[in-house]
Amino acid sequence: MKSARYGVNRSFFARPPRVVARELIGASLFVAGVGGVIVETEAYAHDDPASHSFSGRTARNAAMFGETGTAYVYRSYGLHWCLNVVCGAERGCAVLLRALEPLAGLPAMQERRGVANPRLLCSGPGRLCQALGVTGALDGAPLDQPPFLIVARATAPKIIAGRRIGVSRAAEKPWRFGLGGSSFFSKPFKGTGRAAPLS
DNA sequence: ATATCGATGCCCT
DNA sequence: GGGCATCGATATG
């Protein structure tokens with residue numbers, strides 16, 4: 001047998017953001033071996049008023065206009081980092097990674113986050129980046145190469161959907177996706193009945 | 001349980 | 001100057 005390549009390849013990302021956002025639910029993300037199962041994502045389309053790319057290219061969002069399968073890492077509210085997967089057939093599409101169920105490297109996550117509770121390590125886009133050590137240094141980096149590793153899920157999970165968090169434009173679009181039954185969401189999915197994380 | 005607020009950078013008008 | 005793809009601390013029911 002050929003040596004198995006664990007990570008997804010570039011073609012994984014060459015699909016529309018809503019497809020990729022759903023495919024990533026149940027997949028695993030590691031950064032230098034620290035990570036877990038992706039349980040919450042949001043899709044942002046190129047013609048989406050809520051997308052950072054909507055008003056054109058700037059220094060901050062340049063990576064969104066780069067190759068599919070690379071990272072778009074931006075600073076949020078001046079102090080947090082957020083990690084996106086650049087995807088789609090058009091330029092300017094991305095999927096925001098909002099929450100993981102931590103599996104590997106918990107001591108490193110706890111050290112970086114300054115908290116011990118596993119539910120508070122990666123339950124939110126800013127928390128996830130802090131726990132995995134993702135910063136602007138990885139903006140534009142390819143996701144199919146170290147330090148990144150994304151492993152596709154083995155079986156199709158139950159996926160729930162809802163409104164995106166913290167957006168005011170196109171707020172009605174149900175482009176937030178979650179792993180059914182997870183207790184590691186950044187916020188509950190209303191109406192689909194799953195619990196919120198602590199505090 | 002929800003509400004409000006401050007921190008802080010960058011892009012918009 | 002205002003508005004964010006946020007978080008944690010504080011206040012209050």
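Bear in mind the structure is a predicted one, so any value in this text is a computation, not a measurement. Naming: A, B, ... by sequence-line order, numbering from 1 per chain.
- An OP1 or OP2 oxygen of dC11(B) is reached within less than 4.0 angstrom by no side-chain nitrogen or oxygen of Ser55(A).
- Among the heavy atoms of the strands lying under 4.0 Å from Asn84(A) is at least one base atom, whether or not backbone atoms are also near.
- Within the 4.0 Å cut-off from OP1 or OP2 of dT6(C), at least one side-chain nitrogen or oxygen of Arg98(A) is found.
- Distance noted for atom C1' between dT2(B) and dA5(C): 22 Å (whole Å).
- A salt bridge between Asp48(A) and Arg18(A) is absent, with no side-chain N of the basic residue lying under 4.0 Å from a carboxylate O of the acidic one.
- Atom-to-atom, CZ of Phe65(A) to C1' of dC11(B) comes out at 13 Å; the value is rounded to the nearest Å.
- Rounded to whole Å, the separation between the C1' atoms of dC10(B) and dG8(C) comes to 22 Å.
- Distances shown here put every side-chain N or O of His80(A) at or beyond 4.0 Å from the OP1 or OP2 atom of dC7(C).
- Stacking of Arg10(A) on the aromatic ring of Phe13(A) is not recorded, the 6.0 Å distance cut-off and the 45° axial limit not both being met.
- Under the Watson-Crick or G-U wobble criterion, with both distances below 3.5 Å, dC12(B) is paired with dG1(C).
- Among the heavy atoms of the strands, none lies under 4.0 Å from Arg164(A).
- Remark: Arg127(A) is in phosphate contact with dG8(C), judged by side-chain N or O atoms under 4.0 Å from OP1 or OP2.
- Nucleotide dG8(C) holds its P atom 12 Å from the NZ atom of Lys187(A), rounded to whole Å.
- Residue ring and base: Tyr44(A) counts as stacked with dA5(C) (centre distance below 5.5 Å, interplanar angle below 30°).
- Within a 6.0 Å radius of CZ in Arg112(A), more than 12 heavy atoms belonging to other residues, nucleotides or ligands are found.
- When all heavy atoms of Ser28(A) and Phe30(A) are compared, the closest pair comes out as CB-CE1, 3.6 Å.
- In the set dA5(C), dC12(B), dC4(C), the nucleotide with an atom closest to the side chain of Tyr77(A) is dC4(C).
- A donor-acceptor contact under 3.5 Å is formed by the side chain of Tyr74(A) with the base of dA5(C).
- Here the P atom of nucleotide dC4(C) and the CG atom of Asn61(A) are 17 Å apart, to the nearest Å.
- The CG-C1' distance, from Leu96(A) to dC7(C), rounds to 14 Å in whole Å.
- Distance, Phe185(A) CZ to dT6(C) C1': 19 Å, rounded to whole Å.
- Using a 4.0 Å heavy-atom cutoff across all strands shown, Arg113(A) reaches sugar-phosphate atoms only and no base atom.
- In the set dA5(C), dT6(C), dC12(B), dA5(C) carries the atom at the smallest distance from any side-chain atom of Val167(A).
- Between the CG atom of Leu120(A) and the C1' atom of dG8(C) there is a distance of 10 Å, given to the nearest Å.
- When side chains are defined from C-beta on, Val95(A) does not count as touching Tyr44(A), because their heavy atoms never get closer than 4.5 Å.
- The nucleotide whose nearest atom lies closest to any side-chain atom of Leu79(A) is, among dC4(C), dT8(B), dA5(C), dT8(B).
- Rounded to whole angstrom, the span from the CH2 atom of Trp81(A) across to the C1' atom of dT8(B) amounts to 12 Å.
- Checking Leu83(A) against Gln130(A), the closest nucleotide of DNA chain C that is more toward the 5' end is the one next to Leu83(A).
- In this structure, Arg112(A) atom CZ and dG8(C) atom C1' are separated by 20 Å, rounded to whole Å.
- More than 12 heavy atoms of other residues, nucleotides or ligands shown are found within 6.0 angstrom of CD on Glu172(A).
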